[in-house]
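To keep things clear, I will list the structure first and then write my remarks on it.
Per chain, numbering begins at 1; letters A, B, ... match sequence-line order. Just so you know, these numbers come straight off a predicted model, no measurement behind them. Note that these values count all heavy atoms, side chains included, but never hydrogens, waters or copies made by symmetry.
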2 protein chains.
Amino acid sequence: MSEYFVGQLANQVGINVETVRYYERLKLLPKPKRKESRYRIYSETDLRRLLFIKCAKELGFTLKEIKELFALRIDSEAKCGDVKHLTEHKLNDVDNRIRDLKKIRSVLVKLIDQCVNEEVSSDECPILEVIDPKISFTKGGDTR
Amino acid sequence: MSEYFVGQLANQVGINVETVRYYERLKLLPKPKRKESRYRIYSETDLRRLLFIKCAKELGFTLKEIKELFALRIDSEAKCGDVKHLTEHKLNDVDNRIRDLKKIRSVLVKLIDQCVNEEVSSDECPILEVIDPKISFTKGGDTR
DNA sequence: CTTGACTCCGTACCATACTACGTGTATTAT
DNA sequence: ATAATACACGTAGTATGGTACGGAGTCAAG
């Protein structure tokens with residue numbers, strides 16, 4: 001079971017040392033053990049947690065939302081139904097994202113296709129094909 | 001073919017009027033036609049463009065990246081190969097996002113499952129199961 | 001036992017993406 | 001026609017998510 005100082009941890013994950021401390025302040029990371037020297041000591045679990053944060057951030061989750069994701073757990077305190085509802089909500093959100101990304105994906109594929117087939121086409125911005133103003137993207141009312 | 005003033009447009013999309021002007025400054029939106037009164041006049045196309053921006057933002061694209069997405073088009077000026085490369089890069093990015101979201105999705109489903117089956121489980125944060133430190137998320141080197 | 005790299009902490013600064021404010025003109029509802 | 005909205009513009013302020021800085025303590029190598 002390997003342990004790291006903050007520098008090694010930050011390096012493994014590919015983020016800044018200051019960012020680790022920042023996340024700790026925001027309670028995205030638990031307060032780590034300390035050496036007698038007060039140096040922070042991190043575990044494999046902390047590393048995974050940080051990797052998750054990094055990834056989720058790139059997927060468009062805010063730090064606040066990431067905190068909520070971490071909080072989704074079934075423990076004896078929380079009522080199972082509550083967790084289920086929250087989780088279903090998040091799931092719905094994630095599904096919408098996947099769907100929207102797939103729309104964008106299909107347009108990109110089409111664009112690459114056009115390149116291959118040398119069909120020089122419209123002045124219209126092709127990415128906008130993704131949007132049918134009637135059936136369009138996740139309209140209104142999600143959490144964010 | 002309907003036309004809007006900035007307020008109606010912003011309202012349709014669900015964003016602030018100031019934000020529309022802000023996007024115009026950043027050249028995410030083209031300079032609109034004006035009435036004699038200098039009032040901006042927007043079209044259906046502008047509305048779709050704004051909806052796209054809103055959606056892409058929620059998917060974790062920065063405004064800069066969204067601008068790049070808009071720029072992906074085959075016109076007589078641009079060399080097709082360039083566009084193809086750029087687009088393939090974006091496609092790769094999008095694919096990674098979809099894959100990572102699917103991982104998160106599967107964990108959420110598992111969590112909901114546990115609720116249904118009343119298996120009160122570990123103190124460990126279940127969302128972290130998503131991360132296998134070996135096979136994990138999109139590590140390193142994408143554009144962002 | 002000193003030198004260089006790492007860590008501590010608090011605070012200050014930075015970029016991105018808005019959002020609000022103030023002053024003036026235009027439009028619209030009564 | 002006049003008051004309430006809406007818009008124009010420039011500029012300033014805010015929230016989020018970091019990033020940098022400075023002075024002091026720690027550690028490992030030579």
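Here the side chains of A:Tyr23 and A:Ile66 are not in contact, with every heavy-atom distance at 4.5 Å or above. When side chains are defined from C-beta on, B:Leu50 does not count as touching B:Tyr42, because their heavy atoms never get closer than 4.5 Å. A:Leu91 has its side chain out of reach of A:Thr87: every pair of non-hydrogen atoms, C-beta onward, lies at least 4.5 Å apart. Between B:Arg97 and B:Asp93 there is a side-chain heavy-atom pair separated by less than 4.5 Å.
Atom CG of B:Leu59 is separated from atom P of C:dA17 by 15 Å (rounded to the nearest Å). Atom pair B:Leu63:CG and C:dT16:C1' shows a separation of 8 Å (rounding to whole Å applied). C:dC9 atom C1' lies 9 Å from atom CZ of A:Arg25, rounded to whole Å. Atoms NZ (B:Lys67) and P (C:dT16) sit 11 Å apart, rounded to a whole Å. For the pair B:Lys54 NZ and C:dA17 P, the interatomic distance rounds to 17 Å; values are reported in whole Å. Distance, A:Asn16 CG to C:dC6 C1': 14 Å, rounded to whole Å. Atom CD1 in A:Ile41 sits roughly 12 Å away from atom P in C:dT7 (whole-Å rounding). For B:Glu24 and C:dA17, the CD to P distance is 18 Å, given to the nearest whole Å.
Annotation: of the two residues near DNA chain C, A:Arg21 and A:Gln8, the 5′-most nearest-nucleotide partner is A:Gln8.
Contact check on B:Asp95 versus B:Arg99 returns no salt bridge, with no Lys/Arg side-chain nitrogen under 4.0 Å from an Asp/Glu carboxylate oxygen.
Remark: A:Leu29 CG to A:Thr45 OG1 distance equals 11.5 Å, nearest 0.5 Å. Taken from CG in B:Asp113 to OG in B:Ser106, the straight-line distance is 11.0 Å, to the nearest 0.5 Å.
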- request: Encode nucleotides 22-30 of chain C as B, S and - characters from 5' to 3', where the letter depends on protein heavy atoms closer than 4.0 Å: B to the base, S only to sugar-phosphate, - to neither.
  value: ----BS---
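Nucleotides of DNA chain D with any atom under 4.0 Å from a heavy atom of chain A span, from 5' to 3', D:dG17 to D:dC27.
At a threshold of 4.0 angstrom between heavy atoms, the contacts of B:Arg40 are confined to the sugar-phosphate backbone, with no base atom among them.
By the side-chain hydrogen bond (donor to acceptor under 3.5 Å, both in side chains) test, A:Asn92 pairs with no residue at all, sequence neighbours left out.
Results of the salt bridge (Lys or Arg N to Asp or Glu O under 4.0 Å) test with B:Glu24 over B:Arg49, B:Arg40, B:Lys31 single out B:Arg40 as the only residue that passes.
Taking 4.0 angstrom as the limit, B:Lys57 places a side-chain polar atom (N or O) nearer than this to OP1 or OP2 of C:dC18.
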